[in-house]
Each structure stands twice: as structure tokens, then as C-alpha cells.
Amino acid sequence: MPSSRVASSKSRSTSASTFPPRPPDIKGRKSELRILTAALRGSPSTPIVLLGGGGTGKSLLACVLGHRVARAFPGGIHWLRVGGWDHRTLFEMLALRFGARRGGDGDGGVSAGVQLRRALMARDRTLIVLDNHENDRAMARFLETLRGCPVTWVLTARRCLLAGVSIFPVVAPLITAAQPAFPRVAGLTKLLRWNPLALGIADAIVGSRAATAVALGDWLLSRGVDRVTVMQDEDDVAEVRLLVDWTWRRLPPGARRMMAVLAHAQGDHLGVESLRALSGVGGAAPACLRSLRRWLLVQEPLAGRLTLHAVVRRAVAGRTRFSQARFFDHYARLLEGRPQLLELEQSNLFAAMDHAHQTSDLGASLRIERLLEGL
């Protein structure tokens, strides 16, 4: 987390979701970190987009980068996973984060954007990472409204059709040096095309002695991992999808239900109790979580808070279903009954807000409005 010298009192009030904890140093990124660090420490410029395929390490690079340059941003460093949310939700998210007076929806979110711009203009220089960008039209409207603010924007994306941004390509680490990053599964490096996400899962499988590297490689080849095929979208990474398929067959039913919930959740992460309730696994939750952690199928950005990598999410979502209305009902009831969780559950509240926007449900919007007043 940012130190007190970096984060203002307003940003510290939402420290649970302000920025991910500092991860370990990552291999093979020295040149990228050097170039990006120099770019960010300069004067605020055009937004930077870390662009690369699914599982190549864009988010991890952005996280390490943020902690490296934190001292250059007295306004704080902040992290928001934006996905495909519309511009109204983006403005509301940032307005709440920075204490701006919120505008109404009658003008399509422009009023909220104007108020947010005023709040940002009054702050010291700030770094904001917008992770997992997907909606070009919404992002263009969002960034153009805030152009000229003392904010350095970093986006991560698998694809990007925005003009007026600086594209920084991200490829799998060590691929240009043709060196394996995971010695235990070095023989699978080329087969898995140096994808760090796929190699990490494979390494966990072999490390758990559930399979040998040779046996796992043979299984992947039998399923066509080396074939040239058409991807359904940017997150349809064959090597990860096949590894998820390998693990799926060996997971207990409750762990599969947990994966389904996480795959369809729109918030940044879910608490263990919410995951247990939504998946209906009851007392089997601890054993189910152990099986998911064993093979690195889940990520834990904060203690007791779980999520899936976007590529794993895509692989699981393609084989499961879960109602967004159930997420809305769960979090509306949870936060109405326990308003002290509002700050921790901000991203799930934003997801509920987006659901209300997308469904044009007036009753749902009024419930969210009342909850937002608590922030």
C-alpha cells in the first residue's frame, strides 16, 4: 500500500481497494520497468496503455511499476478494475474514491464527470491504474472529460482502439531471451508459448505431484495445444483453457461452483463468506479453497479476498452460468445490513450500480443510491 507520505487522508480511507500490495519482483522485466518508470516520473502526459495478450503479465507489471514510482505521486496511487463498465459507472467510481460531489444521471454522467474533474484538479499529482480496460467508447469519453488534470493514467488492456494514448506492448517475460521462467516445467515452456499464467498453473500441478511435466505435456498435446486455431476473443488463450480443463475434471463439485461464482462476478474480488454463500458449498468451503489454491486457480489480492485472472475467468465462464441478479441481491442485502463493509466492498457496489444501469431497474437504482450515500 502507499505510504502516508504518498497517499492523502482521503485515499487512505479506501486503502482496502486503493492499490494491490507490493508483489515480489518479477523476472525478465528490467527494461520495461526502466522505460516505464522514467516515463511516469516525468510530467503528466498522454495515458499509457500496457497492451498484450491474456496472461502475459500486464497487471503484475502495472502493480510493480506503481510501487516503484509511488514517491513521485503525492496525491497517491490508485487501482481500479474497469472491465467493460460504462462511462457513468466510471465517473461514479472515481467520484466516490476522491470525495467529489456526485452528479445525477439525467445528463448521462457528465455532471459527475465535471465534479470529478474539479476534485482531481485540486489534488496533488496522482497515479491511477485502470486495469482490464474493455470499453473503448466509455473510456474515451471518460478520459477526454478529465484531460488536463494532474493525473497520470495507466491502462492495461488486451485490445485497445483508443487514439491519443501511448501504447506499450507487453509480451511474456524472457520470451525474447528464449529462457524458461519456471525451471520445474522448463520442458513445457515452448509448448505453453512462454505464457506466465499457463506456466504458473502447470508448475503448481507438477509441484503438487498430481502429474509429471512429461505426462502433462503429453496430455496437452493430445488436446491440440500445439494446433493453430481461431481464438473466440482476447481472453480465449488455448494453453490456459486446456490447463483449466485438466484441473476442472479433478476438482470437487464445490470448488467448481466457487469457480463459477468467481468467473461471473464483476467486482474486483469476493470475500470468503460471500463466496461460500453464493456458491452454496457450506462447510466444505475450506477444503474447496485448498484445492483451488493448490493449483493457483484463484488469486488473493487481499487476505481473505478471492478473484480469478481474466483468462481463467474466460475459461470457466464459457462452461458455467451465474445470474447477475443474484450478485445484486446478495450485495444489496449484505451492505444494507452491514454498512461498515461499504468501503471494502466498493467494487461489488459499483458492479451492482452497473447492473442497475444496464437493466434500467428504478427500484435497484434507488437501493444503490441509498447505499452510495453511506460512502
Side-chain angles (χ1 to χ4, degrees), residues 1 9-18 20 79-83 85-86 88-102 104-105 112 254-255 257-289 292 298-308 320-375:
M1 294 294 177
S9 59
K10 179 62 68 176
S11 67
R12 285 199 303 275
S13 69
T14 57
S15 60
S17 58
T18 294
W79 185 285
L80 297 101
R81 189 176 70 82
V82 294
W85 286 344
D86 69 17
R88 295 171 298 180
T89 305
L90 293 175
F91 283 134
E92 293 278 14
M93 287 166 61
L94 269 293
L96 287 167
R97 175 65 58 86
F98 296 110
R101 183 170 64 84
R102 299 169 50 243
D105 289 335
R257 293 201 298 273
M258 283 186 157
M259 290 278 281
V261 172
L262 291 169
H264 294 278
Q266 299 301 305
D268 286 354
H269 37 67
L270 274 67
V272 170
E273 290 305 314
S274 288
L275 182 56
R276 182 189 345 226
L278 288 164
S279 62
V281 300
C288 291
L289 285 175
L292 296 177
V298 293
Q299 297 178 336
E300 198 162 358
L302 298 169
R305 308 289 299 184
L306 300 168
T307 188
L308 298 181
T320 60
R321 294 185 180 182
F322 200 88
S323 168
Q324 291 300 315
R326 286 183 62 187
F327 282 115
F328 179 91
D329 290 340
H330 172 80
Y331 280 104
R333 290 197 307 270
L334 175 67
L335 295 175
E336 286 166 349
R338 301 174 65 187
Q340 68 271 22
L341 297 178
L342 277 167
E343 290 187 357
L344 181 61
E345 301 287 0
Q346 272 189 33
S347 67
N348 292 305
L349 178 59
F350 296 144
M353 178 199 306
D354 200 59
H355 176 75
H357 286 160
Q358 297 298 330
T359 58
S360 300
D361 186 329
L362 179 59
S365 296
L366 291 175
R367 290 181 76 181
I368 296 301
E369 189 68 25
R370 288 192 290 270
L371 286 170
L372 289 171
E373 291 175 358
L375 284 171

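Quick note: residue numbers are just sequence positions, from 1. None of the values given here were measured: they were computed from a predicted structure.
- Taking each heavy atom of M258 and S279 in turn, the nearest pair found is CG-OG, 3.7 Å.
- Note on residues 271-286: pairs passing salt bridge (Lys or Arg N to Asp or Glu O under 4.0 Å), not counting sequence neighbours, are E273-R276.
- For F328, the ring-ring contact (aromatic ring centres under 6.0 Å, His included) partners two or more places apart in sequence, or in a different chain, are H355.
- A side-chain donor-acceptor contact under 3.5 Å links H330 and S274.
- Applying the salt bridge (charged side-chain N to carboxylate O under 4.0 Å, His left out) criterion to R257, with sequence neighbours excluded, gives no partner residue.
- Here the side chains of R97 and Q346 are in contact, with some heavy-atom distance below 4.5 Å.
- Between L275 and V272, every side-chain heavy-atom pair lies at or beyond the 4.5 Å cut-off.
- Between S347 and H269, the shortest heavy-atom distance links the atoms OG-N, 4.2 Å.
- With L334 as the partner, the side chain to side chain contact (heavy atoms under 4.5 Å, CB included) test is satisfied by one option alone out of N348, L349, D329, L341: L341.
- In this structure, the side chains of L94 and L90 stay at 4.5 Å or more apart for every pair of heavy atoms.
- In this structure, E345 and Y331 approach most closely via the heavy-atom pair OE1-CE2, 3.5 Å.
- In this view, S323 and A325, R326 satisfy the side chain to side chain contact (heavy atoms under 4.5 Å, CB included) rule, not counting sequence neighbours.
- For T320, the side chain to side chain contact (heavy atoms under 4.5 Å, CB included) test picks out W248, A260, H264, V316, with sequence neighbours left out.
- The closest side-chain heavy-atom distance from T307 to D268 is not below 4.5 Å.
- The closest side-chain heavy-atom distance from L306 to Q299 is not below 4.5 Å.
- Ion pair R305/E300 not flagged as a salt bridge, since none of the NZ, NE, NH1 or NH2 atoms sits closer than 4.0 Å to an Asp/Glu carboxylate oxygen.
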List the steps, then state whether side-chain contact (heavy atoms from CB on, under 4.5 Å) holds for M353 with M93. CA-CA 10 Å; M353 178 199 306; M93 287 166 61; 5.8 Å; no
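- Nearest heavy-atom pair across R333 and R367 is N-NH2, 3.9 Å.
- Residues P286 and L289 form no side-chain contact, since every pair of their non-hydrogen atoms from C-beta on lies 4.5 Å or further apart.
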For side-chain contact (heavy atoms from CB on, under 4.5 Å), just list the numbers for L270 and F327, CA-CA rounded to whole Å, side-chain angles, deciding distance to a tenth of an Å, and then say yes or no. CA-CA 11 Å; L270 274 67; F327 282 115; 4.3 Å; yes
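- In this structure, the separation between CG on L335 and CG on L372 is 10.0 Å, given to the nearest 0.5 Å.
- Partners of A255 under the side chain to side chain contact (heavy atoms under 4.5 Å, CB included) rule, at least two apart in sequence or in another chain, are L251, P252, C288, S291, L292.
- Judged by distance alone, the side chain of S365 and the main-chain N or O of D361 form a donor-acceptor pair under 3.5 Å.
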